[in-house]
Amino acid sequence: MGSNGDLNANSQCLSATGDPVLDKAVSQWMTWDKNPLTREQIESLVQEGRVVELRRRLCSRMTFGTAGLRAAMGAGFARINDLTIIQSTQGLYKYLAKCFPDLKTRGLVVGYDTRAQASSGCTSERLAKLTAAVMLCKDVPVYLFSTYVPTPFVPYAVMKYGAAAGVMITASHNRKEDNGYKVYWHNGAQIASPHDKEILHCIEESAEPWAESWNEDLVENSLLKRDPLEDVCHWYMEELNTLCFHRELNAKSPLKFVHSSFHGVGHNYVQRAFQQFGFPPPIPVPEQKDPDPDFSTVSCPNPEEGESVLELSLRLAEREKARIVVATDPDADRLAVAEQNDNCGWKVFTGNELAALLGWWMLFNWKEAHPDPADTERVYMLATTVSSKILEAFARIEGFHFEETLPGFKWIGNRIHELKKAGKEVIFSFEESIGFLCGNMVLDKDGVSTAAVVAEMASYLHTKNLSLNQQLCNIYEIYGYHISRTSYVLCNDPPTIHRIFSRLRNFGGQGVYPTSCGDYCITHIRDVTTGYDSSQPDKKCVLPLSKSSQMLTFTFQNGIVATLRTSGTEPKIKYYTEFCASPGERDISSLDEELRKVAAALVEEFLEPDKNDLLGRSV
Ligand SMILES: O=P([O-])(O)O[C@H]1O[C@H](COP(=O)(O)O)[C@@H](O)[C@H](O)[C@H]1O
Ligand SMILES: [Mg+2]
């Protein structure tokens, strides 16, 4: 890297894109960025005259989506890199300083996962250190974990230390090119509106790096930096006892478990959690147990993709005669589970199916500890609106409360916080995307604690001669079958997405939504993007508006409910469909067939994949 004089000379000779707005952005980038690799990326793009790409990278900024800022790593204000992490943290500092007069005693928690990209020099660890440096240079104490941790450790630490906020550098299950910046508020839940908008505003106002923001030495030398790793691990593992109800049974269980950490952070933590529950540590998938930023053995690092990405785990489990596989996603906040059944191979549970099991399990144990039915009055379970309504069916029959939120655990976390304050007890929450929270130890989904809870549930059921799958059928028999189909198409072009949703909003003329899809009649429409709900007396959505994402829900005459929405973390349009049968209704195969047809019609007629160049799911 040259002296400041060189930087200015560089930025002047580069001002040659022919677009004054872009020229300004290029010159700002070259003045502010001190990372030679990302500077070089912009330099080459300018030299090659790649104006469209430059505009894409430099003329917009990342916004807070379903789970924080998330984008590809690399040069540009629209990407994750040293400079944008510094800018984001400067903005966060500015906002926190406004909200917390005691910021300098409270401090910030910073954690990171195991992502790395050679071409931009961005590793999650380095980005976490820069985050810490920005706060330290303003004399804000920082609890910076000395090694990678599961995402839920950050909100847990925020609550334990009474910190003002927390930042986790992770892109979870996204492709290896991406990274992200998740922000937790002092209550331990991820930030939601209005904090996200306010922070973004402060980021825009704090774009120029402060002199000391690049000073990573502060992390080594500052007395305001603490390493929370040992304490947090210890407290977390101890507190797991509140979710362990049958330790003696666990210790005697003949069941064997295989664990995959998907090349991410989960290995050590899941091993310890199992031991805390009285189990021997699960058998790790050796090829996937250590961090690998290339995610070399999986086509996609998302355990949600099912059997295709669980291949190594399933084969190992067969060799080891392990009945159950648990797989944490790369930042260990979500969990996939598969079970081997004697004659019918592997059953990989969907998030909705696992939630039926876990919801049942948490209620079962809660009732054991609180035999007075009057106590159930203060019990809550939560789920996002695109998740199965199975918990609602439980709540109706068992007499507790169920509520739904917008997609994203940030909504669930903040609602748990409010309910706790009001003296209520949220005993289980989930998202269909294999995100679960048993109890409320942290206010975010947690793959580590859920892995141990699943092992205990399976061991308990085993003593009753039941598999997880058999128990799932029992649950459906009592509460009604809940059959869902969820998938997505890929779309990298925001104008196409806009066109698709706008067509649906004006399907039968201006402002007229569709009244049918395929052969199926639509009876109600909910448009969370605009706040319209035809089923409500005042035609207004009960859920908060979600203007920055697209989300349309169709209720069909046959009872199926389907939602189309844009992902807030990846370039996807997702669809979610469910049929909730009444207890006693058993003709499952015909229900499933009907659901398949509705899902197919939804994609063909409403998304028009050929016309819109949408790619189907490849795995
Ligand atoms: O892409 P979207 O907007 O559907 O969001 C997806 O990822 C989010 C973040 O998950 P993680 O924290 O593990 O990255 C989840 O909350 C959400 O349920 C899931 O659908
Ligand atoms: Mg995750």
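The chain is numbered in sequence order, starting from 1. Predicted model, so just to flag it, every value in this text is computed and none were measured. Indexing begins at 1, ligand by ligand and atom by atom, following the structure's order.
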Would [X] and [Y] count as having a side-chain donor-acceptor pair, cut-off 3.5 Å?
X      : Y      : answer
Asp446 : Tyr236 : yes
Thr297 : His263 : yes
Arg565 : Ser546 : no
Asp113 : Thr151 : no

* Taking only heavy atoms of the protein into account, state which residues are under 4.0 angstrom from an atom of ligand 1, in chain and number order. => Thr66, Ala67, Arg70, Ser172, His173, Lys182, Asp329, Asp333, Arg334, Gly408, Phe409, Glu431, Ser433, Lys445, Arg565, Ser567, Gly568, Thr569, Lys574
Aromatic ring pairing [X]/[Y], orientation class (parallel under 30°, perpendicular over 60°, tilted between):
X      : Y      : answer
Tyr532 : Tyr513 : parallel
Phe153 : Tyr269 : perpendicular
Phe554 : Phe556 : tilted

* To do: Identify which protein N/O/S atoms are less than 2.8 Å from the Mg ion (ligand 2).
  => Ser172 OG, Asp329 OD2, Asp331 OD1, Asp333 OD1
* Asked: Taking His267 as the fixed residue, which of Ser261, Pro291, Pro281, Pro282 is the one that meets the side-chain contact (heavy atoms from CB on, under 4.5 Å) rule?
  -> Ser261
* Decide, yes or no, whether a salt bridge links Asp329 with Lys445 under the criterion of side-chain N to carboxylate O below 4.0 Å. =>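 The answer is no: the pair does not qualify as a salt bridge.
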